[in-house]
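A short worksheet on the structure shown next.
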Amino acid sequence: MPLTRYARITGMNDVLFEEQRYWRYVLERIQYVADLYGYRRIDVPVMEVTALFVRGVGEGTDIVEKEMYSFEDRDGTWVSLRPEFTAGIMRAYIENGLHVLPTPLKVWTTGPLFRHEKPQAGRYRQHSQFDIEVIGEQDAAVDVEVISVAWHLFRELGFRDLRLHINSTGCPRCKPGYVRALVDFFTPLADQLPEVDRMRLRKNPLRLLDSKEEATQPLLERAPHIVEHLCPECAAHFADLCRYLDALERPYQINYRIVRGLDYYTKTVFEIKAAGLGAQDTICGGGRYDGLIAELGGPPTPGIGFGSGIERIVLAMQQLGLPVPEEVRPQVMVCYLGAPAKLAAVRLVERLRDSGIRSLLAFGDRSLKAQLKSADRAAVEYAVILGEEEVQAGVATVRSMARGTQEQVALEQLSAWLDAALRGALPAASSALRA
RNA sequence: GUGACCAUAGCUCAAUUGGCAGAGCAUCUGGUUGUGGCCCAGAAGGCUGCGGGUUCGAGUCCCGCUGGUCACCCCA
């Protein structure tokens, strides 16, 4: 007897059966949409050397500075549980020489990510994302396709109230100029800013844009927009993005206040928000990272991708009452009376499974009453009863749980009989007796 | 990392001013031979999150810790 009861580690979650219906459906739709758009699955390790994330995500980011699960491996190398997918996938791209594949390379993945944050609604320390990446093409039509993959998925899952926000963060050529303009704008107004935002002005001026401080809001209204400071190349790219979105008649809004927290973003950034969640209402976020692969030691190659939190999707679907398929239920339960019949039952249930019938065996030598009760709880369509009499005669008693009728079926024909009955094609000349 | 609220059976919740820890649901068994759902009866299930303190006496009051929830920060 253990003296302590073990509990979940903070921010970790058990996904129980009711919720699994959502997970199963979401994953299934993800595969469908990924196939539809021609994305190939890739899986990368949950652990990488810490330096990869420091270099990829960015040294000064919150993720790297205070949220990574990092530790020294037994052989002395520093490793981290992945806090996001992109860096690992880019490492795999470079390491496996995937640039030799037809360009662009379009991949998707899913799995757990780890960030040591304080948990709250829709935010967990271990969470899963659906992630896609397109590597090797800077055409803005790619950006639109990437957004469409997410959009299509959410529509497929039944979401209707979605909001797409887009922005451009420029590139190393135009971003510094904008940051300077932003600082020039706010510096004379610094005394009107709350403490937090004065700090942002000094440390990371771009963060001012997504400030939620009351006092800052009216100032932000008049602050310069990055869209007006883009270099000709970034401006043209952004204009293309908008033109293609318009062509799709996809509703979007340009939100010059989207600033993503990862250093690698360039040009397009976007978020999709859903109703039904609390403060964490972003179910998809991503953008372009044209400098990342070179930064990680690969050939200069543009890329774009997004991550979408599966827990958040599931949470929103539950809140919104979106329909998901019922849990797959077993179809038959085999009940038995006495030891000889039990031997026959053990053989029979496995034979039923061989013919593809989802079957349970009533364990534990309990009374027939108890066995039928568990058949009822399991919501099977048929109970198959094997007693001394049945074994003698080489038959089984088959009881329809819904109708309460039963009849005897020869053991050799049982699989075929059940198979037909479960399809709704009951054999015609069967003599049903009322119970 | 900061703040607010919360913690009693597997779940949802009771327990008078500080006075014997309970109910419903779920689980198991039974209501006469081999027949489910409804009903009835019973069983099992608790160091009241943990540790201190006040008190004749603490689930209840006080302090600390841990955990949970929500929000900030950040992010999916």
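Counting non-hydrogen atoms under 4.0 angstrom, A:Leu337 reaches a base of the nucleic acid.
Annotation: B:A71 and B:C28 have their P atoms spaced 38 Å apart (nearest Å). Here the separation of B:G10 from B:A26, taken at their C1' atoms, is 8 Å to the nearest Å. Nucleotides B:G51 and B:U12 place their P atoms 23 Å apart, quoted to the nearest Å. Comparing the same atom, P, in B:G24 and in B:C40 gives a spacing of 10 Å after rounding to whole Å. Between B:C74 and B:U2, the two C1' atoms lie 13 Å apart (nearest whole Å).
When distances run from any side-chain atom of A:Thr397 to the nucleotides B:C28, B:G34, B:A71, the shortest one goes to B:G34. If you check B:G34, B:C74, B:G30 against the side chain of A:Ser367, the one that comes closest is B:G30. Closest contact between the side chain of A:Arg377 and the listed nucleotides B:G36, B:C75, B:A26 involves B:A26. Of the candidate nucleotides B:G36, B:G68, B:C74, B:G36 has the atom lying nearest to any side-chain atom of A:Leu372. You'll find that the side chain of A:Ala279 is closest to B:C72, out of B:U69, B:C75, B:C72. Listed nucleotides: B:G34, B:G36, B:C74. Nearest to the side chain of A:Glu117: B:C74. The side chain of A:Arg312 has B:C75 as its nearest neighbour among B:A71, B:U35, B:C75.
Distance A:Lys66 NZ to B:C75 P: 10 Å, rounded to the nearest Å. The nearest whole Å value for the distance from the CG atom in A:Leu16 to the P atom in B:C11 is 11 Å. Atoms CZ (A:Arg123) and C1' (B:A71) sit 10 Å apart, rounded to a whole Å. When rounded to the nearest whole Å, the span between CG of A:Asp281 and P of B:C75 equals 14 Å.
Between A:Lys369 and B:U35 there is no side-chain polar atom (N or O) within less than 4.0 angstrom of OP1 or OP2. One finds a side-chain N or O of A:Gln120 lying less than 4.0 angstrom from the OP1 or OP2 phosphate oxygen of B:A71. Distances shown here put every side-chain N or O of A:Gln371 at or beyond 4.0 Å from the OP1 or OP2 atom of B:G36. In this structure, A:Arg207 reaches the B:C75 phosphate: one of its side-chain N or O atoms is under 4.0 Å from OP1 or OP2.
Judged by distance alone, the side chains of A:Thr397 and A:Gln408 do bring a donor and an acceptor atom under 3.5 Å apart. When only modelled atom types and interatomic distance are considered, A:Thr86 and A:Glu133 share a side-chain donor-acceptor pair under 3.5 Å. In this structure, a donor-acceptor pair under 3.5 Å is absent between the side chains of A:Gln20 and A:Tyr25.
A salt bridge between A:Glu48 and A:Arg91 is present, with a side-chain N of the basic residue lying under 4.0 Å from a carboxylate O of the acidic one. One finds no salt bridge joining A:Arg329 and A:Glu327 here, because no Lys/Arg side-chain nitrogen approaches an Asp/Glu carboxylate oxygen to under 4.0 Å.
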